[in-house]
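All chains are named by letter (A, B, ...) in the order of the sequence lines, taking the proteins before the strands, and each is independently numbered beginning at 1. Because the structure is predicted, anything quoted here is derived from the model rather than measured.
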Amino acid sequence: MDAILKGLTEPQTEAVTHLDGPLLILAGPGSGKTRVVTHRIAHMISQGIPASQIAALTFTNKAAEEMRARVENLAPGKAVWMGTFHRFCAQLLRRYASMVGLSENYSIYDTSDSKQAMKRAIEVAKISTSHTSPEQIASTISNAKNRLVTPEMMLSGAKHSGPTMAARVYPVYQQQLLTANAVDFDDLLFHIALLLKENPDLRSELDSRFRYILVDEYQDTNLAQYAIVRALSIDHPNLSVTGDPDQSIYGWRGADINNILDFEKDYPAVKTVRLEQNYRSTPNILRAADQLIRNNRRRKHKELFTHNDEGDPVVLRIYENGYQEADGIADEISDAIQVEGLRPRDFAILYRMNALSRSVEHSMRRRRLAYQIINGLEFYQRKEIKDLLAYLHLINNPKHDVAFQRIVNTPTRAIGAKTVKRLREYADRHHIPMLEAARNVDAVEGLAKRSATAVKKFVEMYERMAIKATATLEDLLRYVVDETKYEAYLLRSVVDQQDSSAVANVDEFITAAVEFDRYHPDDGSLELFLEQAALVADTDAFEDTSDRVTLMTLHAAKGLEFPRVFIIGVEDGLLPHSRSKDTDSGFEEERRLLFVGITRGKERLQLSCCKTRNFRGESRPAISSPFFNELPLGEMKKIESERSLDFFDDDAYDDSYPESWDLPDEDTANDETPTDQGGAGGNGFVKEKKEKPMFDEACQLPEEELKEIVQRKKKAKQPVAGIQTAADLLSSGPVTPLTAYREGTQVRHDEYGDGMIVSVTGRGPKRTATIRFDDGERNFRLAFAQLEVIDG
DNA sequence: GTCCCCCTTTTCACT
DNA sequence: AAAGGGGGAC
């Protein structure tokens with residue numbers, strides 16, 4: 001008891017010792033929130049509350065794990081339910097599957113699975129996607145589910161103009177999911193929320209089963225999650241929620257910041273505790289965060305304070321481009337490790353978009369700095385892993401149509417797209433799973449005998465594998481790999497590549513299976529394994545035990561802290577993101593995102609932006625984020641790139657760097673280029689970089705003729721001598737493969753032997769394009785198939 | 001049916 | 001830059 005309450009501040013103690021009734025903990029960043037929650041659970045148990053009546057819901061497995069470890073420390077051996085919302089619902093749904101028309105071995109579709117399913121539903125619903133896209137429809141339906149809107153509600157809510165595309169697809173999609181005995185991510189919450197709403201008996205049963213509910217990151221709950229915790233705390237309103245409205249960053253997936261802002265209205269008897277003292281950051285960092293977030297209008301004001309030492313000023317840094325940004329930061333980390341004796345794990349580099357990790361990754365690798373990138377989905381997204389996973393899915397749930405379609409011809413076994421389509425249409429017509437249709441292949445019309453035979457052979461093979469379903473996961477997986485000759489297939493399909501990683505991944509997957517068997521000697525089931533695989537999250541991959549620099553998105557960084565933090569790409573259009581900045585709520589959420597990033601830092605923080613940034617293959621001028629002006633600039637340290645004379649050397653940063661690259665001389669670029677004038681005024685700096693040969697002649701060939709030449713060259717696989725194409729012209733100098741973009745227009749090249757020809761696609765005449773050579777960029781005006789140099 | 005090439009589209013964050 | 005889709009050749 002004493003151990004539990006020792007060393008807590010007054011508000012912390014107040015929260016920890018609260019037992020019954022609703023509790024709202026408004027916890028600023030770094031205020032010891034996890035500590036309070038874990039101590040509270042321990043205190044509850046010490047007061048005689050059965051651990052089995054407590055459920056703690058988090059958003060990531062990582063957070064749940066940490067909580068479990070800390071509670072275990074304080075109250076060993078107590079079985080409190082801890083985990084993510086999605087896992088909580090997945091387990092309930094296992095049990096009550098039949099009530100929503102599923103069976104207990106239902107599958108969880110991941111994003112790409114449900115995208116496939118969505119396309120099929122769109123096809124069956126006979127919706128034209130000319131004015132919309134599957135993605136759009138999917139997102140509308142996803143939003144609907146998060147707001148607990150059923151297909152019927154969406155249809156009846158239709159305007160006079162008739163039901164929307166999404167409203168017509170939604171019921172079809174749901175029906176197909178049921179036929180496939182599957183749910184998507186949103187369904188996990190959606191089904192449980194509706195179940196609780198429509199079954200008062202079940203609701204009250206679960207309400208008393210989970211008498212005490214704790215929700216972490218409550219500001220990120222959506223309506224479905226709100227409905228679930230609300231339904232479970234009516235007879236026993238012992239709901240305690242923890243959160244910080246200023247850290248609400250998941251609005252885009254339906255999170256409603258009002259859930260926390262209105263909590264006191266929903267539960268008038270609530271006790272509110274505010275944790276405002278920050279134990280994490282320096283006052284410098286905290287002031288920056290506070291100044292910034294004050295600009296948000298929709299918030300509850302908190303007075304953040306800390307007794308920590310003043311520390312160093314926050315650094316605001318402007319680099320020339322993304323490569324210098326990455327290099328500069330890597331240098332700094334490298335220096336700090338060597339000079340100040342810091343460890344790689346002390347650093348984090350945060351960004352808005354995963355795409356920004358690339359250049360950083362290179363810089364880290366060149367300096368042999370150990371790093372970890374947090375986008376853990378990577379492994380499970382690999383083709384070979386998805387294939388094998390699909391076999392397991394189909395074995396576990398024979399109705400899993402997405403898995404069926406994925407593997408029925410993988411490895412190829414003469415069951416082509418046409419055959420699959422026939423099976424699918426047959427299945428759609430009879431509302432049966434596709435495997436069922438395959439079993440019934442003789443009844444499927446329009447199939448060649450050969451195809452039918454191939455399908456039968458597949459079904460036979462499937463039956464053989466299905467018998468092994470109850471074997472250990474390792475045995476099952478090995479059997480699948482052998483039976484399908486999967487490795488031979490891999491080796492066959494990667495002919496040219498030195499990419500042996502595919503086979504290595506298969507081995508790694510088998511290792512994972514062995515691990516799973518070991519951890520679950522008794523309760524290990526295929527079902528459980530697949531559920532875990534489906535619910536792994538990005539952030540789960542984070543290892544605080546390993547000594548590496550961490551690279552991750554701002555979203556993934558929530559809840560973590562690092563002595564030194566770099567936030568890169570703080571630019572207009574990136575942060576705030578261009579898709580979010582047009583609405584007030586979107587803009588405020590972006591501001592909160594930066595707030596979250598800033599408050600991850602304990603000792604030092606640097607925000608940076610660039611003058612130009614490569615985006616989607618194109619180098620563009622970048623403008624610093626409007627949020628910069630909201631920071632206490634006066635007390636910050638502003639640095640403009642002192643290395644502005646450097647320029648990006650394409651070769652040195654080429655993506656194809658071998659892992660074991662010998663570090664090139666850092667200053668090669670400088671040595672070669674005594675050119676360049678002017679200091680920090682970086683405009684047009686790429687152009688000034690080198691003397692470039694001028695090309696002032698243009699290709700004179702009409703489109704038809706050029707086309708014909710391309711055809712001829714393709715056939716001959718040989719360059720046709722003496723052709724006056726633009727390519728011929730350009731190839732007088734050193735030319736590397738080139739692609740040009742402008743308003744969707746692409747200039748493509750083909751190389752044949754020594755020669756090269758350029759073909760131009762695009763609708764309108766007279767567009768301009770930038771073509772990148774290994775010695776720089778040049779702009780061209782495109783007139784049909786002709787290239788005319790307008791800017792050398 | 002399968003493979004390969006070309007073109008078009010994509011457009012963030014995450015369970 | 002990268003991936004998905006469509007169409008042609010074998």
Problem set entry | A:A556 side-chain proximity, nearest of C:dA1, B:dC14, B:dT15 | B:dC14
For this session: Taking only the side-chain heavy atoms of A:H86 (C-beta and beyond), determine which of B:dC3, B:dT15, B:dG1 contains the nearest atom.
Result: B:dT15
Exercise. Is A:T111 touching bases, backbone alone, or none of the nucleic acid, heavy atoms closer than 4.0 Å?
Worked result: base
Problem set entry | salt bridge (Lys or Arg N to Asp or Glu O under 4.0 Å) involving A:D113 - partner list, sequence neighbours excluded | none
Exercise. Rounded to the nearest Å, what distance is computed from the CZ atom of residue A:R579 to the C1' atom of nucleotide B:dT10?
Worked result: 10 Å
Exercise. Between A:Y323 and A:N614, do the side chains contain an N or O donor and an N or O acceptor separated by less than 3.5 Å?
Worked result: yes
For this session: Ignoring the backbone of A:R352, work out which of B:dT15, B:dG1, B:dA13 is nearest its side chain.
Result: B:dA13
Problem set entry | Distance in angstrom units between A:M118 CE and C:dG4 C1', rounded | 18 Å
Problem set entry | A:F185 side-chain proximity, nearest of B:dT11, B:dT15, B:dC14 | B:dT15
Problem set entry | Each stem that DNA chain C is part of, given as range with range (3 or more consecutive Watson-Crick or G-U pairs, under 3.5 Å) | B:1-10 with C:1-10
For this session: Would you kindly give the OH-to-C1' distance between A:Y489 and B:dT2, to the nearest whole Å?
Result: 12 Å
For this session: In whole angstrom, give the distance that lies between atom CD of A:E135 and atom P of B:dC14.
Result: 18 Å
For this session: Name the residue closer to the 5' end of DNA chain B, choosing between A:T553 and A:I415 according to the nucleotide with the nearest heavy atom.
Result: A:I415
For this session: In whole angstrom, give me the gap between the P atoms of B:dA13 and C:dG4.
Result: 16 Å
Problem set entry | Integer angstrom distance from the C1' of C:dG5 to that of B:dC12 | 24 Å
Seminar exercise, completed: Whole-Å distance, A:R450 CZ to B:dT2 C1', equals 11 Å
For this session: Measure the distance from CG on A:L447 to P on B:dG1 and round it to the nearest whole Å.
Result: 9 Å
Problem set entry | Side-chain N,O (A:N61) to OP1/OP2 (B:dT15) below 4.0 Å | no
Exercise. Are A:Y173 and A:D184 close enough that a side-chain donor and a side-chain acceptor fall under 3.5 Å?
Worked result: yes
Exercise. So what does A:S580 hit on the nucleic acid, given a heavy-atom distance under 4.0 Å: a base, only sugar-phosphate, or nothing?
Worked result: base
Exercise. According to a strict under-4.0 Å criterion, is A:N409 in side-chain N/O contact with OP1 or OP2 of B:dT2?
Worked result: yes
For this session: Could I get the full list of salt bridge (Lys or Arg N to Asp or Glu O under 4.0 Å) partners for A:R147, not counting sequence neighbours?
Result: none
For this session: Between B:dT10, B:dA13, B:dT2, spot the one nearest the side chain of A:N354, thanks.
Result: B:dA13
Exercise. Between B:dC12, B:dA13, B:dT15, which one does the side chain of A:H577 approach most closely?
Worked result: B:dC12
Exercise. If you look at every strand shown and take non-hydrogen atoms under 4.0 Å, does A:F85 touch a base, only sugar-phosphate, or nothing?
Worked result: nothing
Exercise. What pairs with A:F190 under ring-ring contact (aromatic ring centres under 6.0 Å, His included), at least two apart in sequence or on another chain?
Worked result: none
Exercise. If we require ring centres under 5.5 Å and near-parallel planes under 30°, does A:Y250 stack on B:dA13?
Worked result: no
Exercise. Which residues satisfy the side chain to side chain donor-acceptor pair (under 3.5 Å) test with A:S107, sequence neighbours excluded?
Worked result: A:N397
For this session: Would you mind classifying the nucleic acid contact of A:K115 as base, sugar-phosphate or nothing, using non-hydrogen atoms under 4.0 angstrom?
Result: nothing
For this session: Grab the CZ-P distance between A:F587 and B:dA13 for me, whole Å please.
Result: 20 Å
Problem set entry | Qualifying residues under salt bridge (Lys or Arg N to Asp or Glu O under 4.0 Å), relative to A:K421, sequence neighbours excluded | A:E425
Exercise. From the list B:dC12, C:dG5, B:dG1, which nucleotide is the closest neighbour of the side chain of A:K119?
Worked result: C:dG5
Exercise. Do A:Y486 and A:D387 have a side chain donor and acceptor closer than 3.5 Å?
Worked result: yes
